[in-house]
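Written below as structure tokens is the structure these notes are about.
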Amino acid sequence: MSAPSPADRPVVTRIAPSPTGMMHIGTARAALYNWLYARHCGGTFLLRIEDTDRERSTQPAVQVILDGLEWLGLHPDAPPVFQHANAERHREVVQHMLEIGRAYRCYMTVEELEVEREKARAEGRAIRSPWRDREPPAGANQPFVVRFRGPLEGETIVDDLIKGPVRFMNKELDDLVLLRSDGAPTYNLAVVVDDHDMGITHVIRGDDHLSNAARQSLIFEALGWARPAFGHMPMIHGPDGKKLSKRHGAQAVSEFADMGYLPEAMRNYLARLGWGHGDDEIFSDEQAIAWFDVADVVSSPARLDWDKLGFINNHYLRQADDGRLFDMVRDVHAGRGVHLHETALPALARAVPLVKEGAKTLLDLADLTVFTLKARPLELDARTQGLLTEETRARLSRLRDSLADASDWSVPTLNALLRAFAEGEGVGLGKFGPALRGVLSGGAPAPDLASTLCALGDAESLGRIDDALSQLR
RNA sequence: GGUCCCUUCGUCUAUCGGUUAGGACACCAGAUUUUCAAUCUGGGAAGAGGGGUUCGACUCCCCUAGGGACUGCCA
């Protein structure tokens with residue numbers, strides 16, 4: 001390895017997702033780690049869309065990735081590179097490899113390949129094409145693929161930043177296809193050429209690519225190009241330790257967004273999942289950037305823990321700007337088909353900061369604020385109806401009068417008023433609190449009484465009490 | 001089948017040859033209490049198994065077991 005080391009150049013990282021129609025949470029974590037590392041080193045973070053498989057790559061599928069990164073707040077430092085656009089360059093490189101003898105045309109038919117594959121597997125060796133050492137068929141223009149002429153001896157060591165040195169026997173690595181029979185470049189070739197052309201210094205990706213790193217290393221060497229540094233991070237598993245899939249609740253970035261998780265919470269959680277800085281659990285982007293190093297990434301797979309994600313999300317929900325939260329919760333309600341009365345919106349806005357401590361997601365936040373959006377007269381649930389005895393109704397009526405006289409409609413004042421009222425009645429809050437709660441919320445979840453009253457506002461609160469008292473008369 | 005990766009409380013992790021193996025989430029108990037939460041206090045909980053190396057191993061080596069990835073004219 002005489003080529004100059006990429007380690008001497010400014011850091012350039014990238015993520016290279018293929019547009020499949022969804023952005024896997026593992027891709028999101030790879031993006032985060034690449035982003036963190038680039039930022040940490042003062043380097044550049046790039047995005048390359050691996051769309052060499054023309055059948056699967058569609059514009060909407062590309063958009064999903066762009067949207068996912070946008071939502072996560074991980075912005076590439078340059079417009080995305082579309083791999084397919086480099087196809088001509090890829091073919092040129094293959095042509096060059098053909099000329100220097102590091103590639104050859106293989107005329108095996110799919111059937112022959114099938115047979116050879118079976119044989120190789122049975123013998124426990126890598127697949128080889130007979131065309132590796134054979135002259136092309138005379139004057140024929142049969143279809144062919146171009147294969148890499150890999151070394152039969154020696155070993156390839158991938159000095160992985162995360163896994164440490166990993167050695168592969170070259171004879172175990174097969175002669176992979178570089179160019180398909182239709183002339184289209186394949187993934188392993190395109191990756192090498194593009195990573196080289198883009199000046200990528202650090203390839204940080206899922207460890208499902210670890211063995212590809214060996215194959216790609218061979219191509220880098222054949223071309224006389226310096227290899228980037230590799231860091232293969234373990235994959236994210238479901239809570240049961242199996243590969244994360246739909247049945248675990250979610251696997252796409254968009255699903256986490258729909259479930260009401262905040263992007264900053266996802267960043268914190270994903271960073272902590274498989275990487276750590278001492279005992280720090282909650283940290284800002286700035287801290288993560290300052291502390292992050294690929295070499296510190298844990299080498300064993302991690303399981304997604306919904307409870308911890310919820311805990312982290314709750315933390316960021318508490319910190320989030322209430323105006324921003326209001327907008328997002330309003331959208332959740334709208335998405336659920338809840339009618340948003342103009343007049344109820346201020347109540348919703350007031351309720352958000354009062355209940356967000358108890359919410360793990362925006363969906364929870366919506367559940368906890370739906371009481372503000374109910375239209376008068378509220379339909380009372382059975383439990384509340386049962387609580388409204390003669391005695392309690394009389395008491396609520398007296399409470400209503402004293403509420404109407406409240407000096408101001410704030411949580412502290414209302415709290416004091418409620419306590420004073422209870423004392424004046426010679427009973428505990430438990431004697432009428434649940435009933436009042438039911439009357440105000442209609443049985444929906446609501447925060448403590450003073451907060452509920454405050455959120456609803458004086459007119460709405462008194463109105464709901466009046467409704468209930470007259471309704472049951 | 002072959003090659004490669006992984007293995008500390010239920011979960012995420014700290015430890016980088018010498019610690020009562022620490023923290024967080026979750027869990028349990030108690031406090032609080034106007035629902036659900038939140039909050040406060042306390043508690044239980046771990047080095048997969050077996051061999052080595054060493055004065056001394058969770059830390060280093062080997063074997064076994066279990067989990068995972070790759071083995072495509074997919075990426």
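Chain identifiers are assigned alphabetically (A, B, ...) following the order of the sequence lines, protein sequences preceding nucleic acid strands; residue numbering begins at 1 within each chain.
- The phosphate of B/C73 (OP1 or OP2) has a side-chain N or O of A/R117 nearer than 4.0 angstrom.
- Using a 4.0 Å heavy-atom criterion, one finds that A/D364 contacts no nucleic acid atom at all.
- When both distances must be under 3.5 Å, the Watson-Crick or G-U wobble mate of B/C70 is B/G2.
- Within 4.0 Å (heavy atoms only), A/G310 reaches no atom of the nucleic acid at all.
- A/S181 comes within contact range of at least one nucleobase, with a heavy-atom separation under 4.0 Å.
- B/C60 and B/U53: their C1' atoms are spaced 8 Å apart (whole Å).
- Heavy atoms of A/K243 sit under 4.0 angstrom from primed sugar atoms or phosphate atoms, though from no base atom.
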Please write out each protein N/O paired with an N/O of nucleotides 31-37 of chain B under 3.5 Å, distance rounded to 0.1 Å.
| residue | atom | partner | partner atom | Å |
| --- | --- | --- | --- | --- |
| B/U34 | O2' | A/R437 | NE | 3.4 |
| B/U34 | O2 | A/R437 | NH2 | 2.2 |
| B/U34 | N3 | A/L449 | N | 3.4 |
| B/U35 | N3 | A/R437 | NH1 | 3.1 |
| B/U35 | N3 | A/A446 | O | 2.6 |
| B/U35 | O4 | A/R437 | NH1 | 3.3 |
| B/U35 | O4 | A/R437 | NH2 | 3.3 |
| B/U35 | O4 | A/A446 | O | 2.8 |
| B/U35 | O4 | A/P447 | O | 3.0 |
| B/U35 | O4 | A/D448 | N | 3.3 |
| B/A37 | O2' | A/G358 | O | 3.2 |

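- No contact: A/R205 has no heavy atom under 4.0 Å from any strand.
- Considering only residues two or more places apart in sequence or on other chains, A/L387 meets the side-chain contact (heavy atoms from CB on, under 4.5 Å) condition with A/R383, A/P434, A/A435.
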Contact list (N/O, under 3.5 angstrom) for nucleotides 20-24 of chain B vs protein:
| residue | atom | partner | partner atom | Å |
| --- | --- | --- | --- | --- |
| B/G22 | N2 | A/D279 | OD1 | 3.1 |
| B/G23 | N2 | A/E281 | OE2 | 2.8 |
| B/A24 | N3 | A/K308 | NZ | 3.4 |

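- In summary, A/R149 and A/D175 do not engage in a salt bridge, as defined by a charged side-chain N under 4.0 Å from a carboxylate O.
- Pair check for B/G44 finds none; no Watson-Crick or G-U wobble contact set falls under 3.5 Å.
- One finds a salt bridge joining A/R272 and A/E281 here, because a Lys/Arg side-chain nitrogen approaches an Asp/Glu carboxylate oxygen to under 4.0 Å.
- Note on A/E50 versus A/R48: salt bridge recorded, some NZ/NE/NH1/NH2 to OD/OE distance being below 4.0 Å.
- With a 3.5 Å ceiling on both atom-pair distances, B/A21 lacks any Watson-Crick or G-U wobble partner.
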